[in-house]
Amino acid sequence: MADLLIRGGTVVDATGSRVADVLVRGGRIVEVAEGIDVPTGKKARTLDAGGCLVAPGLVDLHAHLRQPGREEAETVETASRAAALGGYTAVVAMPNTDPAIDSAGVVREVLELGRDALCRVAVAGAITVGRNGQRLAPIGEMAALGVRLFTDDGAGVQDGRLMRRALEYASAFPGVRLAQHCEDASLATGGHMHEGEWSSRLGIPGIPAEAEDVMVMRDIALCRLTGAPVHFLHLSTAGSVELVRRAKAAGLAVTAEAAPHHLVLTDAECASYDPVFKVNPPLRSPADVDAVRAGCADGSIDAIATDHAPHELELKEQAFDEAPPGMLGLETALPLALEALGAVGMAPADVLALMSWRPAAIAGLDALGQGGPIAAGAVANLCVVDPDAAWVVDPLRLASLSRNTPYAGRKVIGRSRHTILAGEPVVVDAEAQR
Ligand code: DOR
């Protein structure tokens, strides 16, 4: 592989920011300095980074890749192409597949599918067998294959005693963290959107914010009881953000993520009755959106995670209460996060922290060369972000196999221009290279 020179950008990582070129050789960064010249006689490919931020590749803690079992909605290959175009060099595949990722065999299968993908594909294992919430899955055998996050995502573990056992059991495996889909089913079942003024007006049964708050409260208590770390998936309510803020202040080992759609869309979108706006947890009130943004700005929320959830057209064309929840996220997360968090005063570099090095650490992917730092010797997993690039979201031009983006026709600002995976430029000038 020829050397790669990323020229003229501002390098940002957890250590700060500086104007510098980055030279990559044999998959690793060999030099970070101003005005690097390629030695005469050496071949190098140059990527222009003028006006751009050169950052560690983005890391998504939460993507539904749909394989095995729902290949008509998405495959590991199509999702990883979407991810690379979105600036990601790693994604964590959620286990609500068919069969669920609840054993070493299925973990191996998904890792194998991701081996030559356009980004690293890590796997989250299920906490319970079949994600049924009844019996613990073999967390140890999955951890032995490198799985670090476990979740029944799509459903929360309802039984507090089982969740306690899972936390105690998981503590035996270094680096392992349980991630909760925070939804108390007894409060949420039967609801299809956020419970509030809009659900009353539209006649769509609601899911109260308290369905989320109650489970976050319980799991904070279980974190205190067991000492095991807990990660809260896709927080969407002002109440749950405040609970996490207080748990962190009390020194508990909790982390949390938020999805881009909970930063930019509200329940008012459901007035269209278009199921493209149906998602779980649901789009909430403007006050909740403000609270989630504030949680990102003050560190209560550690990561932006896409909850990329592709669904076939036929399913999303059903009536609102019949359609499955979920929306695409990988290709649009970066500009939406920059927009929403820029509005509360976050600098692009701080937004990149939430999308790269902080999630990398939560998933243990930092030890595998994700999330930086951008320094000599590190694996070259990078994205080159043009924070000023304006573009319009066109569902037909997305790499995902599905089309369920709620942002069709929306003008967004900010784009990953180049994505480099272990030294290979897999996206150049916003075009996938293979
Ligand atoms: O909206 C959602 N879609 N929320 C989830 O928790 C699951 C996901 C899916 O798998 O479609």
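Numbering of ligands and ligand atoms starts at 1, following listing order.
- For K316 and E312, the salt-bridge test fails: no basic side-chain N is under 4.0 Å from an acidic carboxylate O.
- Ring pair H234/H181 is perpendicular by interplanar angle, where above 60° counts as perpendicular and below 30° as parallel.
- The protein atom (non-hydrogen) at minimum distance from atom 8 (C) of ligand 1 is H64 NE2, 3.6 Å.
- If you number the atoms of ligand 1 from 1 as listed, the ones under 4.0 Å from a heavy atom of V279 come out as 1 (O).
- The distance criterion of under 3.5 Å between nitrogen or oxygen atoms is not met by P281 with respect to ligand 1.
- Counting the atoms of ligand 1 from 1 in the order shown, those under 4.0 Å from a heavy atom of A309 are 3 (N), 8 (C), 9 (C), 11 (O).
- When heavy-atom distances to ligand 1 are checked against a 4.0 Å cut-off, H311 comes that close only through its side chain, counted from C-beta outward.
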Carefully, step by step, assess R415 and W391 under the rule side chain to side chain contact (heavy atoms under 4.5 Å, CB included).
-> CA-CA 8 Å; R415 186 166 215 165; W391 56 288; 3.6 Å; yes

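- The protein non-hydrogen atom at the shortest distance from atom 10 (O) of ligand 1 is N96 ND2, 2.8 Å.
- In terms of protein heavy atoms, atom 4 (N) of ligand 1 is closest to N280 O, 2.7 Å.
- Taking a 6.0 Å sphere around CZ of R410, one finds it holds more than 12 heavy atoms contributed by other residues, nucleotides or ligands.
- Looking at E72 and R66, no side-chain N of the basic residue comes within less than 4.0 Å of a carboxylate O on the acidic one, giving no salt bridge.
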How far apart are the C-alpha atoms of I220 and V230, what are their side-chain angles, what is the distance that settles it, and do they pass the side chain to side chain contact (heavy atoms under 4.5 Å, CB included) test?
-> CA-CA 8 Å; I220 287 171; V230 179; over 6 Å; no

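- Counting heavy atoms under 4.0 Å from ligand 1, residue H62 does not touch it at all.
- Contact annotation: for H181 versus ligand 1, heavy atoms closer than 4.0 Å belong to the side chain alone.
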